[in-house]
Structures are given as C-alpha cells and as structure tokens.
Number of protein chains: 2
Amino acid sequence: MPRPTGPPIGLTLARTAKSVSRAFDDALAAAGGSLPVWLIMISLKTRSLGNQRELADAIGIRGATLTHHLNAMEADGLVTRQRDPANRRIHQVALTQRGETLFGRLAAAATEHDRRLHADLSKEDIATLERLLHRLQSNVGSEVPEATAGSDA
Amino acid sequence: MPRPTGPPIGLTLARTAKSVSRAFDDALAAAGGSLPVWLIMISLKTRSLGNQRELADAIGIRGATLTHHLNAMEADGLVTRQRDPANRRIHQVALTQRGETLFGRLAAAATEHDRRLHADLSKEDIATLERLLHRLQSNVGSEVPEATAGSDA
DNA sequence: ATGTGACCGTTAGATAACTAACGTTTGGCT
DNA sequence: AGCCAAACGTTAGTTATCTAACGGTCACAT
C-alpha cells in the first residue's frame, strides 16, 4: 500500500506544473520574453496555422487572451498583422526581423531550461512521463459516461 | 529516437496540468465550491497548521491571496477567524458547521474526480508518475549550480 | 521600562487570464 | 438581389493571482 490516502495525484501534478512553469517563465524573462510570447513564437515558426483561433488553441489560451498578447507584441515590433486579401476575416501574423532575433535568444533559454529539467532523467523516463500525462489528459478530456444508470442531474 | 525534437516535456506538463486542474475546478464548482476553497478546507481538516502562512505554503499560494479567500469564506459563513489569546499575532481559522457541510459535498466531488482521473491507470503507474513529477520539481527547485567555472552573475 | 528587530496578517496596486458581447466578413439560401 | 447563419477577431468587464508596503504584536537586550 504505497499510497495510504496521500496527496492526490492531481494536486502533485498541479504543484509540479506550477513550479516548473514558474522556473521556465523566469528563465524566459531573463532573456527578455515570457512564456506566452515564447509559445506564440514557436507556434508561428513550426506549425502552419491558418488563423488566430488555431494559434490560441495550439498554445492553450483563449482567443481574447491571444489578442492581448499580439497587441503587445505588435507594439514592441515583434510581429505584424495583415488582413488576408483572400479572406479578410483572417489576420496573418508574421515575425519581424526583431521578432526573429528575440526568438533566437528565447530558444537558447528554453534549451537550457529543458536541459536542466531533464538532468538525471533518462529517455525512457521522459517517454514514460509523457505517456502517463497523455493518459491523464484523456481521462478528463470529455469522458462523460452517461451510460451508467439513471440521469440524476 | 523517440523524441525527434518533439514538444518539450515542460509544455506537455503545463498543458496536462491545466486540463486536469480545469476539470477539477469545474467539478468542485458544480458542488458549490472551488479549487482554492477545497484546498484550504482539506488543509484545515487534515494538517495541524500553526498559522495562515503555513496554510498558504501548504496549498501553494501567497499569504495575501489566502487572506482574499478567507475573507470570502468568512463572509459566506464557512470559516471563523479568531485571534489566538496566547499569541495575538495569529489568526486561528476554524470551519463552521456550514463549512463542514460544504466540505462533505466537495470531498465527494473530489473523490469522484480522482476516480475518473485514475481510470485505467494502475497503482504502479501512479507511483511512477509521482516519482517522476517529484524529480522534475527538484530539478528546477533551487539547483543553481555555481560550481561550474566563474561567477557570471 | 524601553527600544530594536522579527513575525503575522492585511491592504493597495499591478498583471494576466477568463467569459460574454460585439462588429466585420463570408457564403449559402430564397 | 437580399437575407441569415456562421466564422474571425476585438473590446469590455470580471476574477484571481502576485509583489510591495503597512500596522499590530511579541521576544529580547539594554
């Protein structure tokens, strides 16, 4: 009995994520950025996203929050927003030269953070962790079992 | 090569924690509470905490934020705050009868959430996950290796 | 007894996320 | 042609957290 009603796994998960995210954000702040800015940039670089909504979904925030960050980034000269001529509802977001420069610095900080995070963990450990985290996510995803008995709502 | 520069583990961790916390908070909201309220209550019930600062540390928030929640909970008649006669700096926080009742409902919701979260995971899986999460936390904890070469601060 | 420093909790102000409602644009249907 | 529903992004307002500064209380030394 290794878990005699100890702290629930959800609580440990939340605390760990808070610590790790905090440390990551600090590292990015030291490089002149922040966690959301980094997520936006890396999504712009790697994925080919059609619109801002997909971008927001990709980094796990709401559309309104993304607008907020893009406003700040545009004011800082990191990105540009242009209407798509073919579909004027869509804003095409692109990194400026200055944005590319900052991306380089943040990438270095992110790599360093990841190195530190892995530290003594083996590749199998990381793979196992990823697998378990995905299981947790799918367990709370949309599993609303309404096939039990009665609709007691 | 199972991780060809895929999403960093820190990102997966953050997303999973967000989803799970969100789901948990929704479940608690349906029972008439919230995640911080639940954490405060369970800490009051289980641990024997000397003061509010320890309470805040136990649930991972700042003292000022705890004050905010306790104000709301006191206004709702869930807890009482009294000065410790032996040490008037300390506020003794206690659950009222109404607080106990809500605690019961939230405990049921939390148990249900935990059951759903575990779902197909074995005890070994949970133990492994806990171990890996603790490793991550300690890796970013306060590991400031200043024994490398020069003090470039 | 009195002054100094530390501890505890609160208050004030800033920051960042969310939800809800809105204006614009598009495409299909009548 | 004109209308209506849907999609996209922005704006407005709320909520929750943090940091910094403050007032009250205690222990200890002088």
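Predicted, not measured: the structure shown is a model, and the values here were computed from it. Letters A, B, ... mirror the listed sequences (proteins, then strands); counts begin at 1. Just so it is clear, the values below take in all heavy atoms, side chains as well, and ignore hydrogens, waters and symmetry mates.
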Undergrad: Just the rounded figure in Å: distance from P of dT10(C) to CZ of Arg88(B).
TA: 13 Å
Undergrad: For His113(A) and Phe24(A), take the angle between the two ring planes, folded into 0 to 90°, and tell me which bin it lands in: parallel under 30, tilted 30 to 60, perpendicular over 60.
TA: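 Aromatic pair His113(A)/Phe24(A) classed parallel.
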Undergrad: Quick check on DNA chain D: between Arg53(A) and Thr65(B), whose nearest nucleotide comes earlier from the 5' end?
TA: Arg53(A)
Undergrad: Stepwise, does the side chain to side chain contact (heavy atoms under 4.5 Å, CB included) test hold for Asp57(B) with Gln52(B)?
TA: CA-CA 9 Å; Asp57(B) 285 347; Gln52(B) 287 188 197; over 6 Å; no
Undergrad: dT17(D), dC8(D), dA12(C): which one has an atom nearest the side-chain heavy atoms of Ala64(B)?
TA: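 Out of dT17(D), dC8(D), dA12(C), the nucleotide with an atom closest to Ala64(B)'s side chain is dA12(C).
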Undergrad: Quick check on DNA chain C: between Asn87(A) and Pro36(A), whose nearest nucleotide comes earlier from the 5' end?
TA: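 Its nucleotide being nearer the 5' end, the pick is Pro36(A).
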Undergrad: Check the distance between dG9(D)'s P and Ile40(A)'s CD1 and give it to me in whole angstrom.
TA: 13 Å
Undergrad: Figure out the CG/P separation between Asp25(A) and dA16(C), and round it to whole Å.
TA: 9 Å
Undergrad: For His68(A) and dT10(D), is the shortest distance between a side-chain N/O and OP1 or OP2 below 4.0 Å?
TA: no
Undergrad: Rounded to whole angstrom units, what separation is found between the CG atom of Asp57(A) and the C1' atom of dC8(D)?
TA: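 My rounded result for the distance is 13 Å.
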Undergrad: Look at the side chain of Ile90(B) and decide which nucleotide, out of dC8(C), dC18(D), dG9(D), has an atom nearest to it.
TA: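 Side chain of Ile90(B) sits closest to dC8(C).
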Undergrad: Closest nucleotide of DNA chain D for Arg22(A) versus for Glu54(A): which of these residues is on the 5' side?
TA: Glu54(A)
Undergrad: Taking 4.0 Å as the cut-off, does a side-chain nitrogen or oxygen of Arg81(B) come that near to OP1 or OP2 on dT10(C)?
TA: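 Checking Arg81(B) against dT10(C): at least one side-chain N or O falls below 4.0 Å of OP1 or OP2.
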Undergrad: dT10(C) phosphate, OP1 or OP2: any side-chain N/O from Gln52(B) under 4.0 angstrom?
TA: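 Yes.
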Undergrad: Got a salt bridge between Arg135(A) and Asp125(B), using NZ or NE/NH1/NH2 to carboxylate O under 4.0 Å?
TA: yes
Undergrad: For Arg62(A) and dT10(D), what is the distance between atoms CZ and P respectively, to the nearest whole Å?
TA: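 Between P of dT10(D) and CZ of Arg62(A): 17 Å.
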Undergrad: Reckon Leu66(A) touches a base, only the sugar-phosphate, or nothing at all at heavy-atom distances under 4.0 Å?
TA: nothing
Undergrad: CG of Leu13(A) to CD of Gln137(A): how many Å apart, nearest 0.5 Å?
TA: 10.0 Å
Undergrad: I need the single residue from Val37(B), Thr65(B), Leu78(B), Ile40(B) that forms a side chain to side chain contact (heavy atoms under 4.5 Å, CB included) with Leu70(B). Which is it?
TA: Ile40(B)
Undergrad: Rounding to an integer number of Å, can you tell me how far Asn51(A) CG sits from dA7(D) P?
TA: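 From Asn51(A) CG to dA7(D) P: 11 Å.
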Undergrad: What is the distance from CG of Asn71(B) to C1' of dT11(C), rounded to the nearest Å?
TA: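 Asn71(B) atom CG is separated from dT11(C) atom C1' by 10 Å.
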Undergrad: Side chain of His91(A) only, please: which of dT11(C), dG9(D), dT19(C) is the nearest?
TA: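 Given the options dT11(C), dG9(D), dT19(C), the side chain of His91(A) is closest to dG9(D).
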Undergrad: Using whole Å, what does the distance between atom P of nucleotide dA7(D) and atom CG of Asp84(A) come to?
TA: 18 Å
Undergrad: Tell me whether the side-chain N/O atoms of Arg89(A) come closer than 4.0 Å to OP1 or OP2 in dG9(D).
TA: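 The answer is no; no side-chain N or O of Arg89(A) sits under 4.0 Å from OP1 or OP2.
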